[in-house]
Amino acid sequence: MEQEQHFIDYIEQSIIRNWNLNALTDYKGATLQYKDVARKIAKFHIVLESAGIQPGDKIAVCGRNSAHWAVTFLATITYGAVIVPILHEFKADNIHNIVNHSEARLLFVGDQVWENLNEDAMPQLLGVILMTEFTPVVCRDKRLMEAFEHRNTLYGQRYPKNFRPEHICYRKDEPEELAIINYTSGTTGYSKGVMLPYRSLWSNVNYCHEMLPVKPGDNMVAMLPMGHVFGMTYDFLYGFSAGAHLYFLTRMPTPKIIAQSFAEIKPRVISCVPLIVEKIIKKNILPRVDNKIGKLLLHVPIINDKIRALARKEAMEIFGGNFDEIIIGGAPFNAEVERFLKQIGFPYTIAYGMTECGPLISYDHNNEYVPGSCGQILKGIMKVRIDSEDPYNKVGEIQVSGENVMKGYYKNDEATQNVFTEDGWLRTGDLGTIDHDNRIFIRGRSKTMILGASGQNIYPEEIESKLNNLPFVMESIIIEKNGKLVGLVYPDYDTVDSTGVSHEDLPIIMEQNRIELNKLLAPYEAVSALQLYPTEFEKTPKKSIKRYLYSNY
């Protein structure tokens, strides 16, 4: 596919067209209009230029979602430097390693992140800058300090008669030029630097413009961490290029915070991970619809039209009531919760992607979405194949190629060679099938698949989806132990306490759950025991459980 438009054109044109519209707001905090963002970018460029930062140099950013984070990202790529987003949830030693491995010259941080970092562990940095104040807290270069001290004077000299839309003229990116090094959080414990070129950004954002309904002035919420490519692309880059007003929650999006903020913001399009939707359905929707039936609504068809209408009304209202659809991605979706949403006519869809594709691989608008699928492969952009002799019926690894695919892993030729086939297709590591419309149906991860005693393929995610809907189960992991399947369960203690159940009775309840679970499974999938786990399982920022931590439990 020929790229007819440079990605940075999207940013440039949106700023010019939407000059007087609101652009970025920290929820319950300050708002920047598009013209304010442009002026901050101009000052940012002056500092980089005066400090001797070159196009192609790496600039890292690490902090919670905020207007400052967004400005840092936009200013970096429009200058010609390579942005290195780092998830603020990463431990300090991982942040140090990423900064060093990426060869970042500058690090922009949020206050809370900086408190835990050690500047001596990042010797290559010229400086560390607090995003909130746009001032250096570590400065190892005289030119950098002078650039920050004199930035307002230099800005006034360059734009003596005010900064206006006609001053916006950013550089032109090239399709294969490196834009982002995004270090995967992953569920395998090892971070790799995914090199995303501008063709990947342009192709992903261009597809969003074709498929999604956001117009200038519409509201959006950046709920997912922008350090992860799902939130970066769907919420931030698409939203900003469409002229939307982006809100940053600046804290963990709990069901309570979502209900409060979304009722006020009324976002037009919403993207989130399955765990958030599942918690809201179980904690906020089902109890309001019918306290007596509760979770049973997830297991039995809703016959009563009144209950169906009430459930839909409650679900729409909690997400603000003004959205076209909710796009769910990043992890497997609970089958029973999905069936419930379909029954009540809730406008949702499942998208599939990965960091290595920046992220989109497949998507369907909710009107075309087929339950259980992850949408159709992006037409004209991506191709898919299943490593199986019968891709429509027999599970195999999902492999993709196309405009969205990364250049490779930064300074890691071995990992790059391993993730691509000999003929250049990207191995996703996911197992599944396709239908004749090229819709993808995922069964599980190749790394988590368990081989049964008689050679059957067992997908733990499918068992967990059923287990998580049984009484008093908050979340679970299925592992193999001495040739048998064992479930680790973190109980739903809020429900346990609110219903007066004794904690001492939980092992008995879980044994009953195990019996009920096995009735839903094939004999070779039978779970031999359920063990209580004392805390929530550790997760990646997109809320996938870090399975490798529990494989030897």
Worksheet item: Would you say the side-chain atoms of Glu356 and Tyr409 include a donor-acceptor pair closer than 3.5 Å?
Response: yes

Discussion item. Test your reading of the model: is there a side-chain donor-acceptor pair from His6 to the backbone of Ile8, 3.5 Å cut-off?
Written reply: no

Item to complete: Search all heavy atoms of Gln124 against all heavy atoms of Arg140 and return the closest pair with its distance.
Response: N-NH1, 4.5 Å

Response to the item:
Note: Ile59 and Ala81 closest approach over all heavy atoms is CD1-CB, 3.9 Å

Item to complete: Kindly compute the distance separating CG (Asn65) from CG (Leu249), expressed to the nearest 0.5 Å.
Response: 8.0 Å

Response to the item:
Heavy-atom closest pair (Pro255 atom, Ile280 atom, distance to 0.1 Å) is CB-CG1, 3.9 Å

Worksheet entry | Inter- and intrachain pairs under ring pair (Phe, Tyr, Trp, His ring centres under 6.0 Å), touching residues 121-159, at least two apart | Phe44-Phe134, Phe134-Phe148, Tyr155-Tyr159, Tyr159-Phe163, Tyr159-His167

Response to the item:
Output for pair (Leu275 CG, Ile328 CD1), nearest 0.5 Å, gives 11.5 Å

Practice prompt. Evaluate the side-chain proximity of Tyr247 to Pro267: yes if any heavy-atom separation is below 4.5 Å, no if none is.
Written response: no

Discussion item. Please identify which of these residues, Thr25, Asn18, Asp218, meets the side chain to side chain donor-acceptor pair (under 3.5 Å) condition with His245.
Written reply: Thr25

Worksheet item: At their closest point, which heavy atom of Gly52 faces which heavy atom of Arg143, and how far apart are they?
Response: CA-NH1, 3.8 Å

Discussion item. Please check if the number of heavy atoms outside Glu210 that lie under 6.0 Å from its CD is greater than 12.
Written reply: yes

Practice prompt. Could you go through the side chain to side chain contact (heavy atoms under 4.5 Å, CB included) check for Arg547 and Phe537 one step at a time?
Written response: CA-CA 9 Å; Arg547 292 175 174 274; Phe537 299 114; over 6 Å; no

Worksheet entry | Under 3.5 Å: donor-acceptor pair, side chain of Asn100, backbone of Ala121 | yes

Discussion item. When you measure from the side chain of Arg199 to the backbone of Glu403, do you find a donor-acceptor pair of N or O atoms at a distance under 3.5 Å?
Written reply: yes

Item to complete: Look at atom CD of Glu166 and say whether more than 12 heavy atoms of other residues, nucleotides or ligands are closer to it than 6.0 Å.
Response: yes

Fill in: Any Val277 side-chain heavy atom under 4.5 Å of Tyr348 side chain
no

Worksheet entry | Arg171/Glu177 salt bridge by N-O under 4.0 Å criterion | yes

Worksheet item: Which atom pair, heavy atoms only, marks the closest approach of Val113 to Gly63?
Response: CG2-CA, 4.0 Å

Fill in: Residue Lys40 excluded, over 12 heavy atoms near NZ under 6.0 Å
no

Worksheet item: Among all residues two or more places apart in sequence or in another chain, which pass the ring-ring contact (aromatic ring centres under 6.0 Å, His included) test with His365?
Response: none

Worksheet item: If we only count heavy atoms from C-beta on, is the Leu125 to Val138 side-chain gap below 4.5 Å?
Response: no

Practice prompt. First locate atom CD1 of Ile129, then atom CG of Leu144, and finally report the distance between them rounded to the nearest 0.5 Å.
Written response: 5.5 Å

Worksheet entry | Interatomic distance, Leu48 atom CG to Leu106 atom CG [nearest 0.5 angstrom] | 6.5 Å

Worksheet entry | Derivation and outcome, side chain to side chain contact (heavy atoms under 4.5 Å, CB included), residues Met382 and Val405 | CA-CA 9 Å; Met382 298 289 285; Val405 177; 3.8 Å; yes

Item to complete: Please lay out, stage by stage, how Tyr238 and Thr233 fare under the test side chain to side chain contact (heavy atoms under 4.5 Å, CB included).
Response: CA-CA 6 Å; Tyr238 165 59; Thr233 301; 5.7 Å; no

Worksheet item: Going from CD1 on Ile98 to NZ on Lys58, what distance comes out if it is rounded to the nearest 0.5 angstrom?
Response: 14.5 Å

Discussion item. So for atom NZ, which belongs to Lys172, do other residues, nucleotides or ligands contribute more than 12 heavy atoms lying within a distance under 6.0 Å?
Written reply: yes

Worksheet item: Roughly how far, to the nearest 0.5 Å, is the CD atom of Glu176 from the OG atom of Ser200?
Response: 10.0 Å

Fill in: Side-chain donor/acceptor of Asn116 to backbone N/O of Lys91, under 3.5 Å
no

Item to complete: May I have the step-by-step check of side chain to side chain contact (heavy atoms under 4.5 Å, CB included) for Asp430 and Met354, ending in yes or no?
Response: CA-CA 10 Å; Asp430 290 316; Met354 57 193 301; 5.6 Å; no

Response to the item:
Sorted by chain and number, sequence neighbours left out, ring-ring contact (aromatic ring centres under 6.0 Å, His included) with Tyr207 holds for none

Discussion item. Under a 3.5 Å distance rule, please check whether Arg427 uses its side chain to pair with a backbone N or O of Asn418 as donor and acceptor.
Written reply: yes

Practice prompt. Would you name the heavy atoms of Tyr234 and Ser271 that are closest together and state the gap between them?
Written response: CB-OG, 3.9 Å

Worksheet item: Tyr183 vs His101 aromatic rings, parallel, tilted or perpendicular, using cut-offs 30° and 60°?
Response: perpendicular

Discussion item. Among Tyr34, Tyr10, Phe7, exactly one meets ring pair (Phe, Tyr, Trp, His ring centres under 6.0 Å) together with Phe240. Which residue is that?
Written reply: Tyr34

Worksheet item: More than 12 heavy atoms of other residues, nucleotides or ligands under 6.0 Å from NZ of Lys407: is that the case?
Response: yes

Worksheet item: Is Glu264 paired with Lys28 through a side-chain N to carboxylate O contact shorter than 4.0 Å?
Response: yes

Discussion item. In the structure I gave you, are the side-chain heavy atoms of Asn219 and Lys266 within less than 4.5 Å of one another anywhere?
Written reply: no

Worksheet entry | Any side-chain heavy-atom pair of Ile386 and Ile398 under 4.5 Å | yes

Discussion item. If you define the side chain from C-beta out and look only at heavy atoms, does anything of Met122 sit under 4.5 Å from His96?
Written reply: yes

Discussion item. I'd like to know if Arg385 and Asp423 make a salt bridge, using a cut-off of under 4.0 Å between side-chain N and carboxylate O.
Written reply: yes

Practice prompt. May I ask you to decide if Ile377's main-chain N or O and Asn438's side chain share a donor-acceptor pair within less than 3.5 Å?
Written response: no

Fill in: Stepwise side-chain hydrogen bond (donor to acceptor under 3.5 Å, both in side chains) test for Lys43 and Asn152
CA-CA 7 Å; Lys43 288 186 181 181; Asn152 289 327; 2.9 Å; yes

Worksheet item: Going through the distances and angles, do Ser203 and Asn404 end up as a side-chain hydrogen bond (donor to acceptor under 3.5 Å, both in side chains)?
Response: CA-CA 6 Å; Ser203 180; Asn404 292 1; 2.7 Å; yes

Discussion item. I want to check something: taking the side chain as every heavy atom from C-beta on, are Tyr198 and Ile77 in contact at a cut-off of under 4.5 Å?
Written reply: yes

Worksheet item: Side chains of Leu178 and Pro197: does their closest heavy-atom pair fall under 4.5 Å?
Response: no

Worksheet item: With no hydrogens and no angle check, is any side-chain donor or acceptor of Glu12 less than 3.5 Å from a backbone partner on Tyr170?
Response: yes

Worksheet entry | Short side-chain to backbone donor-acceptor contact, Gln33 and Asn20, under 3.5 Å | yes

Practice prompt. Check whether any side-chain N or O of Tyr533 sits under 3.5 Å from a backbone N or O of Ile477 as a donor-acceptor pair, and report yes or no.
Written response: no

